[in-house]
Amino acid sequence: MTTDSPAFVSVYEIVCRIPRGKVLTYGLISHLIGKRLSAQGVGWALNALPGSAKVANGKKYHSQNVPWHRVVNSKGGMSTHKIIDIPPDMQKQLLEAEGVKFDNEDKMVLDDYLWHEGLV
DNA sequence: ATGTTGACGCATG
DNA sequence: CCATGCGCCAACA
């Protein structure tokens, strides 16, 4: 796969830096990497994670060492319901394990959990 | 090469 | 609030 392209690696690098209990949005990551990849492209980068490990820049990226669950959409919700590789509630459970609270609509308060430090 | 699809976002009605 | 359309970029048939 061509998931070792610089833009994809940039996504992985940023996602790996997200601290516990914090999250980033797809659009934000897209902006952070200088729009080299659109929000959809970010989604594709993460989509390539499950299954086999991706090696780039001498580092190995995999769903096990990349906190993909800390990436949410702009509504503070999740969109993993369409994906068969991952159970629908997996992301929610992983985030809850880090202290993120959800309302009855499975949405979070982005303002409280957004990783502001990463935007510097 | 072309059309379709997708872990998305934003503007518009 | 919900539905649509458009932009976006990469993978795939």
Side-chain angles (χ1 to χ4, degrees):
Chain A
M1 301 297 256
T2 56
T3 48
D4 54 352
S5 61
F8 272 49
V9 173
S10 300
V11 174
Y12 302 145
E13 282 292 313
I14 291 176
V15 175
C16 284
R17 289 192 182 100
I18 306 178
R20 239 181 88 91
K22 292 291 180 180
V23 300
L24 280 183
T25 69
Y26 293 95
L28 228 32
I29 294 176
S30 170
H31 193 272
L32 281 175
I33 65 179
K35 303 254 187 180
R36 276 175 295 171
L37 221 58
S38 67
Q40 269 184 339
V42 173
W44 256 109
L46 299 184
N47 184 40
L49 283 177
S52 57
K54 317 300 173 192
V55 179
N57 288 356
K59 296 176 186 174
K60 188 177 75 172
Y61 299 98
H62 187 265
S63 55
Q64 288 183 358
N65 45 24
V66 176
W68 56 268
H69 55 276
R70 292 178 193 150
V71 183
V72 298
N73 59 30
S74 63
K75 307 180 198 90
M78 283 143 286
S79 314
T80 53
H81 52 82
K82 291 178 184 172
I83 307 179
I84 59 177
D85 301 337
I86 301 169
D89 291 336
M90 188 174 181
Q91 182 169 19
K92 181 187 173 188
Q93 290 176 9
L94 286 170
L95 287 174
E96 281 182 329
E98 298 185 350
V100 177
K101 309 295 183 189
F102 292 86
D103 60 15
N104 352 2
E105 294 181 0
D106 286 351
K107 304 284 164 98
M108 74 180 73
V109 183
L110 271 181
D111 237 14
D112 291 343
Y113 303 109
L114 216 48
W115 184 38
H116 303 284
E117 321 304 321
L119 310 181
V120 186

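Just so we're on the same page: letters track the sequence lines, and every chain starts at 1. The shown structure was predicted, so the numbers you read here are calculated from the model rather than taken from an experiment.
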Original post:
Just how far, in rounded Å, is C1' of dG9(B) from CD1 of I29(A)?
Top reply: 13 Å

Original post:
For the side chain of S10(A) and the backbone of P6(A), is there at least one donor-acceptor N/O pair under 3.5 Å apart?
Top reply: yes

Subject >> For atom NZ of K107(A) and atom P of dC1(C), their distance in whole Å >> reply: 10 Å

**OP:** Using whole Å, report how far CG of L46(A) lies from C1' of dC8(B).
**Re:** 11 Å

Subject >> Among K92(A), E98(A), Q91(A), the one residue meeting side-chain hydrogen bond (donor to acceptor under 3.5 Å, both in side chains) with H69(A) >> reply: E98(A)

Original post:
Tell me: CG of D85(A) to P of dG6(B), nearest whole Å?
Top reply: 14 Å

**OP:** Write down the distance between CG (L110(A)) and C1' (dG9(B)), rounded to a whole number of angstrom.
**Re:** 13 Å

Subject >> Within one Ile-Leu-Val-Met-Phe-Trp-Tyr cluster: V109(A) and W115(A), side-chain cutoff 4.5 Å >> reply: no

**OP:** Tell me which nucleotide among dG9(B), dA7(B), dA10(C) gets nearest to the side chain of F8(A).
**Re:** dA10(C)

**OP:** Figure out the NE2/P separation between H31(A) and dC8(C), and round it to whole Å.
**Re:** 15 Å

**OP:** Evaluate the side-chain proximity of L95(A) to R70(A): yes if any heavy-atom separation is below 4.5 Å, no if none is.
**Re:** yes

Original post:
When all nucleic acid strands are considered with a 4.0 Å heavy-atom cut-off, which category describes N73(A): base, sugar-phosphate, or nothing?
Top reply: sugar-phosphate

Original post:
W68(A) versus L94(A): any side-chain heavy-atom pair under 4.5 Å?
Top reply: yes

Subject >> Touch class at under 4.0 angstrom, heavy-atom based, for T80(A) against every strand present >> reply: base

Subject >> Separation of dC8(C) P from Q40(A) CD (nearest whole Å) >> reply: 11 Å

Original post:
NA contact type, L37(A), heavy-atom cut-off 4.0 Å: base, sugar-phosphate, or nothing?
Top reply: sugar-phosphate

**OP:** Ignoring backbone atoms, establish whether S74(A) has a side-chain N or O less than 4.0 Å from OP1 or OP2 of dG9(B).
**Re:** yes

Original post:
So, is S30(A) near the phosphate of dG9(B), with a side-chain N or O under 4.0 Å from OP1 or OP2?
Top reply: no

Original post:
Rounded to the Å, how far apart are N47(A) CG and dA10(C) P?
Top reply: 14 Å

